[in-house]
Amino acid sequence: MQSTANESDRSKEQLINRREDVIVKLALLNCAVRSYRFETAAKPFPPQFRTAQSDDSKDIEALRRLLSRICRQLVDFLSLDDGSAAGSLRNWLSTGLTYTLERRLPLSDAFSDIQCRVLNLDSLNRPEQPQQHQPSLVYKVYYNDKIKRRFSELKSGRNTFFGYHGSRADNLHSILSNGLCAHLSYGRQPLYGEGVYLSTDVGVALAFASSGTAQPLSDRLQCVVVAEVIDQPDLVKRRRRRCHSNRADDSNEVDDLPNEYYVVSSSELVIVRYVLLFSSIEPSRLLTISASNNRHTTRTTSSRRGYLNRLINDNRAWIGAIVYLLLLLILPRLHAWLSACLAGGVSQDEAELEAALQSAAEASTSSTSGDSTSASGGDEAFGWGVTWGAD
């Protein structure tokens, strides 16, 4: 019974991981196809949306419409397994790409482990990271056997190191499928020559990670990848060290390169190992969607609530400023109104109390005189005065 329960738990966990993998890939594809650079960013492109065999014939508008509909009915999409356009897209995201993603938990430990790899530290010397550099989600990247075998053959016992690379959010779909390209500068002259730029500082990488809309994950997503690099001295440029270098060839060590920079001239020496996502993503909500079996989840409980939460989180400063200004306008008037009410209430209470006391005094005076008159008249009428006088 115990083994059956464990197998059931493992099957459920695998299902959740597969669904979350599809959600993240869907968001990255959605970000790429809505970019003005979709021709290069959306590679690979879903084959079912090609209008002909040529790579240039893409029905991009049909794909965008389908992605918008999927984001509104996400739970239904995750359960599809049919020949529809949405079902074909889901199968392509699940099995048609060269990689799969698996979230690393707990988040703080996963990020600390990555930092130890990047800074070449042991687990006992974990660095402390500023709160603003803490990612929202960390994913391990698993490639297919062909890519793993090719990198292992290139590595062949040589040393490797890790570094951060920040890029536009709409590039991540292509980066994970095709790798980091050493010769794409998009018309800009690289400061330290052509190559893949890496850093040991995640803050430096974040400075180059322009945010993008990646639904159903986030309206403002920043992406940083962690790459493993084969340290081939003639193709990896780094800052010259003051002490003696352990590298066999230090001809590619220069003085003008910042300490936290590496420039790799060959794309074949680089492979992406982790993906760091920075945003106001709610990991618990993503896990809930991945684990949900409800095929009738409404837009109100998922999309709208998530959009409202993201709107609040992304505009906290503006919301705080507006509330502060409203308080400045309202509080003086509220204070004056309360003061007037209290002053008017005290005056009214004093007037009512004075009138009540005066009425009571008048009533007491009239009652005393009336009682004495009626008492004397009564005694005489009943002869009590004669009796008392006799006593």
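Positions are given from 1 along the sequence.
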| What orientation do Tyr197 and Tyr261 show, parallel under 30°, tilted 30 to 60°, or perpendicular over 60°? | perpendicular

| Ring center gap for Phe161 and Tyr262 short of 6.0 angstrom | yes

| Under 4.0 Å between a Lys/Arg side-chain N and an Asp/Glu carboxylate O for Glu102 and Arg104? | yes

| task | Can you measure from CZ (Arg90) to CZ (Arg19) and round to the nearest 0.5 angstrom? | result | 7.5 Å

| request: Quickly, which of Val24, Asn171, Val275 forms a side chain to side chain contact (heavy atoms under 4.5 Å, CB included) with Leu176? Name it, please. | output: Val275

| request: Report the distance from atom CD1 of Ile230 to atom OG of Ser266, rounding to the nearest 0.5 Å. | output: 8.5 Å

| query | Tell me, which pairs form a salt bridge (charged side-chain N to carboxylate O under 4.0 Å, His left out) where one or both residues lie in residues 161-175, sequence neighbours left out? | reply | Arg37-Asp170, Arg168-Asp170

| query | Under a 4.0 Å N-O cut-off, is there an ion pair linking Asp76 with Arg69? | reply | no

| request: Establish, from distance only, whether the side-chain atoms of Arg34 and Ser68 form a donor-acceptor pair under 3.5 Å. | output: yes

| task | Working to the nearest 0.5 Å, report the span between OG of Ser35 and CG of Asn30. | result | 11.5 Å

| task | Determine whether more than 12 heavy atoms belonging to other residues, nucleotides or ligands lie under 6.0 Å from atom CD of Gln48. | result | yes

| said: Please say yes or no: joined through hydrophobic side-chain contacts below 4.5 Å, possibly via intermediate residues, are Tyr142 and Ile271 part of one cluster? | reply: no

| task | Over all heavy atoms of both residues, which pair between Trp92 and Leu29 is shortest? Give the atoms and the distance, please. | result | CZ3-CD2, 4.1 Å

| query | To the nearest 0.5 Å, what is the distance between CG (Asn178) and CD1 (Ile147)? | reply | 9.0 Å

| Which heavy atom in Ser265 sits nearest to a heavy atom in Ala182, and how many Å separate them? | O-CB, 3.5 Å

| task | Please name the pair of heavy atoms, one in His173 and one in Ala32, separated by the smallest distance, quoted to 0.1 Å. | result | CB-CB, 4.2 Å

| query | If you measure from CD1 on Ile175 to OG on Ser167, what distance do you get to the nearest 0.5 Å? | reply | 4.0 Å

| query | Which atom names give the shortest non-hydrogen contact between Ala169 and Ser211, and what distance separates them? | reply | CB-C, 4.2 Å

| said: Is it true that, when you exclude Glu13 itself, more than 12 heavy atoms of the residues, nucleotides or ligands shown sit nearer than 6.0 Å to its CD? | reply: no

| Which residue, Glu228, Arg117, Arg273, forms the side chain to side chain donor-acceptor pair (under 3.5 Å) with Thr160? | Glu228

| message | What's the separation between atom CZ in Arg150 and atom CG in Asp145, rounded to the nearest 0.5 Å? | response | 13.0 Å

| Given Arg238 and Asp231, is the salt bridge (Lys or Arg N to Asp or Glu O under 4.0 Å) satisfied, shown in steps? | CA-CA 10 Å; Arg238 66 173 71 193; Asp231 192 6; 3.2 Å; yes

